[in-house]
Novice: 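Provided herewith is a single structure, encoded as structure tokens, for subsequent inquiry.
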Number of protein chains: 2
Amino acid sequence: MAETTTFREVMAEIVARITEGPWGPGTLLPGEVELAEEFGVSRTTMNRALREVSEQGFLDRRRKAGTRVRMAPIRQARFEMPVVRAEIEKTGADYRYALVSRAVVVAPDWLRARMGLKARAKVVHLVCLHFADGVAFQLEDRWINASALPQAVEQDFSVVGPNEWLVATVPFSEVEISFLAQAADALMVQHLDHALGDPVFCVERATWWQNAAVTLVTLAHRRGYRMTTRY
Amino acid sequence: MAETTTFREVMAEIVARITEGPWGPGTLLPGEVELAEEFGVSRTTMNRALREVSEQGFLDRRRKAGTRVRMAPIRQARFEMPVVRAEIEKTGADYRYALVSRAVVVAPDWLRARMGLKARAKVVHLVCLHFADGVAFQLEDRWINASALPQAVEQDFSVVGPNEWLVATVPFSEVEISFLAQAADALMVQHLDHALGDPVFCVERATWWQNAAVTLVTLAHRRGYRMTTRY
DNA sequence: CAGTGGTCTAGACCACAAC
DNA sequence: TTGTGGTCTAGACCACTGG
């Protein structure tokens, strides 16, 4: 190949052989040692190349069984979930935040079930708006578990949004994200550019930390919003 | 740590130090050499551990600048986009496929613009249904560029769905995926369990191969469908 | 049981970017 | 200029798993 063959070049060649060359779906590849020899690289390098191609979903690797080209590549979409502020400012638009309402209440039943809270658990309920160039971009409907995060009760979220406050307060957590289509309800109609019943693209995110539910949020987007990615 | 310290153990410890321990957001970590020494592993192993933690979005690594804990972890959602058949069968349900309509036509203007086709380009237009346990699960509305894929014109898609045919025919490609909410149109009302105007969760996928548009597909899902992932 | 991938090591050179 | 991560090598042992 070249004077110094890097694992990236090896990867490119492997992908080429899969997509254009002789290694059609289902092909059993030669072993790492043999391939390393053919490419003139060390087995370490060949291993890394194969591993990364495998992570891209093209290959299925198993000990003893060998490396096989997947019948259908595992197509995986990767979405970065930026803080809204970053998402908006990246487009060059001005970002503005507003708190619509804030209340400390006893968790309703559906929420208790959804978050796994104890009976009569207290939660902070927040509704916020995120604007791009003065136009409402996203409506945030958030519940925070006051037992897990007592500081949230005393936080006044009028200046700093709960999202930014949370990422700075809770170090990390397990997250479940869902994308769904919802019919616009009264709150969405009031704050976003929707008519009642319009299809709204929503992201729902539930967060745990050390097995305790921290927060559940629904992000409703303005008309025509799409979440897009390439690969 | 243990007798043999693996890079996974090192990773776990690094993540722990970030999330619970002394390495708060913004911290500059010691260099690889120093860390390797502290953990009693080779630099190669430490490098891999740091690289993978970095890929998870916790760390920002730059030559000369060093390794720094991100202020806010890059939260990224990864969705596997299985073939519908696999998605349905994984739930234990029976899968059934049906072709609703098939036509070879001149591409309408909006499609030419969207896919970048020449004037009067021919396309194959397919509408298909995917059933789970006899209930319509997904409505597939697909356009295939006949110039890029002449074989598609003669394919009769009554038994094998276009998705499965395509993954077996076109090796790989660049893909753009969008998630969006759409109002149910007549076709969706007819085939899915929707009323006119209902919010429908749709996935739109455009595919290119060697800079030529191959196919554009919209997948409309049944009521209440969510696309979910954890991390 | 034996073959294949998974991983670790020690040492080396290099490329990039901050100072 | 120089420190830091990026990568390659050669060799070795190990773990899983298919036959």
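A, B, ... follow the sequence lines: proteins, then strands. Residue 1 opens every chain. Here the structure is a predicted model, which is why all the values come from computation and not from measurement.
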Novice: For A/Arg68 and D/dT17, what is the distance between atoms CZ and C1' respectively, to the nearest whole Å?
Specialist: 14 Å

Novice: Write down the distance between CG (B/Leu59) and C1' (D/dG6), rounded to a whole number of angstrom.
Specialist: 16 Å

Novice: If you look at every heavy atom in B/Thr228 and A/Ser178, which pair is closest and at what distance?
Specialist: OG1-OG, 2.8 Å

Novice: Please give, in whole Å, the distance from C/dT7 P to A/Glu52 CD?
Specialist: 13 Å

Novice: Taking the nucleotide of DNA chain C with the closest heavy atom to each, which residue, B/Ser42 or A/Gly31, is nearer the 5' end?
Specialist: A/Gly31

Novice: CE of A/Met11 versus P of D/dT7: gap in Å, rounded?
Specialist: 11 Å

Novice: Mind calculating the distance between CD (B/Glu37) and P (C/dA10) to the nearest angstrom?
Specialist: 12 Å

Novice: Is it true that, when you exclude A/Glu37 itself, more than 12 heavy atoms of the residues, nucleotides or ligands shown sit nearer than 6.0 Å to its CD?
Specialist: no

Novice: Are OP1 or OP2 of D/dT9 and a side-chain N or O of A/Thr45 less than 4.0 angstrom apart?
Specialist: yes

Novice: Can you say whether a donor on the side chain of B/Arg8 sits under 3.5 Å from an acceptor on the base of C/dT7, or the other way round?
Specialist: no

Novice: Looking at the side chain of B/Lys64, which of D/dT7, C/dA10, C/dA18 is the nearest nucleotide?
Specialist: C/dA18

Novice: Do A/Leu117 and A/Val123 have side-chain heavy atoms sitting under 4.5 Å apart?
Specialist: yes

Novice: Could you check B/Gly66 against A/Ala65 and say which one's nearest nucleotide on DNA chain D is further toward the 5' end?
Specialist: B/Gly66

Novice: Between B/Arg48 and C/dC8, is there a side-chain N or O to OP1/OP2 distance below 4.0 Å?
Specialist: no

Novice: For the pair made of CZ in A/Arg43 and P in D/dG11, what is the distance, rounded to whole Å?
Specialist: 13 Å

Novice: When the distance from CG of B/Leu50 to C1' of D/dT4 is rounded to whole Å, what number comes out?
Specialist: 12 Å

Novice: Establish whether the base of C/dA15 is bridged to the side chain of B/Arg63 by a donor-acceptor pair shorter than 3.5 Å.
Specialist: yes

Novice: If you assign each of A/Thr44 and B/Thr67 to its closest nucleotide in DNA chain D, which residue comes earlier from the 5' end?
Specialist: B/Thr67

Novice: Measure from CE on B/Met46 to P on D/dT4 and round the result to the nearest Å.
Specialist: 15 Å

Novice: Is the NZ or CZ atom of A/Arg85 both under 6.0 Å from the centre of the six-membered ring of A/Tyr95 and within 45° of that ring's axis?
Specialist: no

Novice: Are the side chains of B/Leu35 and B/Glu38 in contact, using a 4.5 Å heavy-atom criterion?
Specialist: yes

Novice: Whether B/Arg62 contacts C/dA18 is assessed here as follows: a side-chain N or O lying under 4.0 Å from the phosphate OP1 or OP2. Is that the case?
Specialist: yes

Novice: Using OP1 and OP2 only, check whether a side-chain N or O of A/Asn47 sits under 4.0 Å from C/dT7.
Specialist: no

